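Bear in mind the structure is a predicted one, so any value in this text is a computation, not a measurement. Chain naming here is simple, since letters A, B, ... match the order of the sequence lines and numbering starts at 1 in each.
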Number of protein chains: 2
Amino acid sequence: MDHPATAPGASGATNPRDHADGPARRGPRPNLAAVARAAGVAPSTASLAFSGAGPVSDDAKARVLAAAAELGYGGPDPRARSLRRGRSGVIGVVMDERLSDAFRDPVNVLTLDGIAEVAGEAGASLLLVRSPLDDEHGAGPIVDAPMDAVVLVGCNVRIDPAVAVLRRRQIPVVAIEADDIEGAVPVQLDNREASHRAASYLADLGHTAVTIVTLPLDAERRCGPVDADREASGVAHTTLERLRGVREVYPDAPAIEAAGSSVEDGRVAGRTLFAEGAPTPTAVVAQSDLLAVGVVSAALDAGLRVPEDVSVIGFDGITVDDSLLHRSPIRQLTTLVQPFEQKGRAAARAALAMLEGAEPQPAAFRSELRIGDTTGPVRRALGG
Amino acid sequence: MDHPATAPGASGATNPRDHADGPARRGPRPNLAAVARAAGVAPSTASLAFSGAGPVSDDAKARVLAAAAELGYGGPDPRARSLRRGRSGVIGVVMDERLSDAFRDPVNVLTLDGIAEVAGEAGASLLLVRSPLDDEHGAGPIVDAPMDAVVLVGCNVRIDPAVAVLRRRQIPVVAIEADDIEGAVPVQLDNREASHRAASYLADLGHTAVTIVTLPLDAERRCGPVDADREASGVAHTTLERLRGVREVYPDAPAIEAAGSSVEDGRVAGRTLFAEGAPTPTAVVAQSDLLAVGVVSAALDAGLRVPEDVSVIGFDGITVDDSLLHRSPIRQLTTLVQPFEQKGRAAARAALAMLEGAEPQPAAFRSELRIGDTTGPVRRALGG
DNA sequence: CTGAAAGCGCTTACAG
DNA sequence: CTGAAAGCGCTTACAG
C-alpha cells in the first residue's frame, strides 16, 4: 500500500541535483579558505565578512561576497562553526513516544507550539528526538545529535535513561511535567492541587462513588485496576500526582489505569467501568480529556446518560473531536484547563537561558476548573 | 499573563547544574584525547572503542570505557564527529509558516507523522525550521543550521528564498506538494485530477452554479475574489492546480481566496458567498477540509441547509472539529482524502536516499473522493 | 589489533 | 582594518 506510483513526467531521466545553477560547482564544495584566496584576503577576514563579528572594509567584504558567489560558496559550514564555537543553536525536544504517536496527542502539539514560538524568536531551531528505549542505550539521536539544551516534553515514563545520557553529555535539561529530576530545571503544573479541586467540586455535587481513570503509570502499556502494588511501582509523576489529588478528597476511590492517552484507551477503561453487573460510579475523574471523552462515549454506549447518570471530568482543556459525542447533546467537557503554550514558552525560555549560561527560571503553572456539561449533581440514590 | 509564579519549593538555592553526579567533573569537559591518555591507548583506538567502526581488543575497549566513566566523558562530540564525517544525521523539515501555526493545521502534523516515522527508523532526527521571510535573507536556521537534507512541507508560498539558500548550501531538497522545483525531488499529489473528479461528481449531481473557495495564492494573506490578474500572480502551486482541476469541469466557476487554511478563514469566505442579495451557488468546492467546514458553518448560519440547499466538498480527509457543526446533523464531509502519512514517509525516504548518495524516488500519490453527507443532488431550480 | 598523522572548516584572540 | 596562527574534537586511511 505504501509504494507510490512513480510520477510519470515528474522524474525525468536526469538526477535533479545535476541541474547547473548559475556559477558552475565543479569538484568539491568550496570552503572559506578558497573564497578568501579568490578574494585576495585572509581567511579571518573572509570569516568576518560573513559573520559580521568584526570590522571589515566595505571593499574587502564586497570582494569576499563576489568570490563566494563566483565559487558557489553557500556560507560557512555550520558543522565547523558549531565545533569551533561550542554551540549549535539547536534545542532538542525529547518525547517519550514515537514521534508519530506524540504528534497525535494535542497535549504535545500545543506544548511544542509554545516552545517553537520562543525558540523561533531566538533564532534557535528545534530538534525532535525520541527518548531512547531501554534496549538501545548508547545509540540514537539523544546520544549523538548536536543539541545545546534539551526540553523534555511529556516524558513521564522512561525519563531516566534519557536524563542519564544528557547529564553525561553535560547538556542542560528542562523537564516539563516530570518529577524533580536531579540537574533539570522543572516546568510544573499543579497536578495534585488541581485534581483535588476537581474532586472537591464533585464532592460538592454530592458524589460519593467516584472512580479514577488514570494515565499510564509506566511504559508498559498495561491497563486495568490500580492496586497498591501497581501504584507503588508507578514511575509517572503526573499520573501519580493527579491520582493523589483525587485521593485527598476520596481516599478510597478505585482507579483504573489506561494504556495510553487516547479516546480509545478511555473507551476501553470505560467499558470495564460500566460493565453490566459491576457497581457503577456516579462520577469518573479521567486524567486527560481524551480519556474523558472515551469514558463518556462508553457511558453513552452502556445506555447511561451524562451527566444525569454519571458525571465525567477530564484534564487538559483541549478541543476533542469524537464522532460519537457529536451525536450526543454534550457540548463541552468539564475539565481542568492547563496553559500548554505558556508551559512550552517557559520551558524554551529556560533552555535558552541555560544556553546563555544564565540562571534558568523554574516555572509553575496553575490549571483552572472549567465547568462544562458532563458533570452535574449526583443522581438520587435509587433506594433513597 | 505569561509570567508564571516561581515554584515555591521547586527551585531551591542552588543551580541544578551544580549537582555532583558520581565522578566529579571538574574543569573543562574531557575530550577523547584525554580519555585515550587515561586509558593508555591512542586516540584512534579510543575512537574505535566508541564507534565500533573497527577492531578493538576487549581489553582496550574496557580500559577506554572505564577511563571515560572515570573522567565523566559523555561520548564523542557530535559537532566534531559531524564535521569530520561531513554528515550530521539531521533532516531538516522546512515549513512555510510560524511553527506554532504550522502545528495548528492537521495537514502538516499528519505529514510530519509520516516523516518522523521513517526518519526515526533510520536513526535520523528532525530539525524543525521555518522558511525564511523575505526580509531576513542571510539569517536564520535555514542558513546556518546543520542539516544533511531537507524536506519542504506545505511550502506553497515563499519557497523560493528557502530553496535558493539550500541550493547554495548544496543541501538535497525534497519538496512535498510544490511545483517542480529545479533541483528538488518532488512528492506530489494529483491535485488537479482529484479536483477534476470532485467537480465531475458535482456535475453528475446536476450542479451548475459552483463556486471555489481557494487556499492562499501567495503569502500575503489576502482574501476575496480571484480575478484573472490575481490568478496570474499566484505562486502557490497546490492552490492553482486544484483551481484548474475544477475549472476543467466548470470553466467559469468563480473563486474566492481565503487568507489561510482554517475553519475561520472558511467561514469568512462563506459569509461573502451566502451574503443576502448575492446569487447563491448550489455547490462549493473548498480547497481544504478546514475551509469546507467554515463554509458549511457559514451556510448554516445563513439559514441554508447542507446539502439540500448547498453542497460543500472539501479536500484532505482529515478529522475536523467544529462545535457549530456538532449542532447540525452533518456527520462527515464529502472530501478528497489524501494519504498524508504516506506522503511524509515517501519524502523522508527520498531525503535519506539522497543522503546516502542514492538516487531518490520521486513519488506521486492519489486522492480518493469520499462521499459524506455534505453533498447531494442540486435543489430544483426555483423557476424550473 | 594498535598507533602516529593529517585534516574536516571554521573562528578567535593576537599582533600589526 | 587586516593577516598569521592556533585549535575546537573528532575520524580515517595508513603503516605497523
Item to check | Close side-chain approach of B/Ile91 to B/Leu352, heavy-atom, < 4.5 Å | outcome: yes
Checklist entry - Between B/Asp77 and B/Arg84, is a salt bridge (charged side-chain N to carboxylate O under 4.0 Å, His left out) present by the stated rule, with each step listed? => result CA-CA 11 Å; B/Asp77 184 325; B/Arg84 179 59 230 241; over 6 Å; no
Checklist entry - Of all heavy-atom pairs between A/Met147 and A/Arg169, which one has the smallest distance, and what is that distance? => result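 Closest approach of A/Met147 to A/Arg169: CE-NH1, 3.9 Å.
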Checklist entry - Which atom pair, heavy atoms only, marks the closest approach of B/Phe50 to B/Val64? => result CE1-CG1, 3.8 Å
Checklist entry - Which letters describe nucleotides 7-16 of chain D, given B = protein heavy atom under 4.0 Å from base, S = only from sugar-phosphate, - = neither? => result BBBBBB----
Item to check | Atom CG of A/Asp58: over 12 foreign heavy atoms under 6.0 Å | outcome: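 Counting neighbours around CG of A/Asp58, 12 or fewer heavy atoms of other residues, nucleotides or ligands fall under 6.0 Å, so no.
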Next on the checklist: Checking B/Arg63 against B/Asp59 for the side-chain contact (heavy atoms from CB on, under 4.5 Å) test, could you report, in this order, the C-alpha distance in whole Å, the side-chain angles of both residues, the deciding distance, and whether it holds?
Outcome noted: CA-CA 6 Å; B/Arg63 289 214 313 278; B/Asp59 174 56; 2.6 Å; yes
Checklist entry - How does DNA chain C look in dot-bracket notation if pairs are Watson-Crick or G-U with both distances under 3.5 Å, crossing ones as [ ], other-strand ones as |? => result |||.||||||||.|||
Checklist outcome for this item: Of A/Val163, A/Val93, A/Val174, A/Val187, the one forming a side chain to side chain contact (heavy atoms under 4.5 Å, CB included) with A/Leu152 is A/Val163
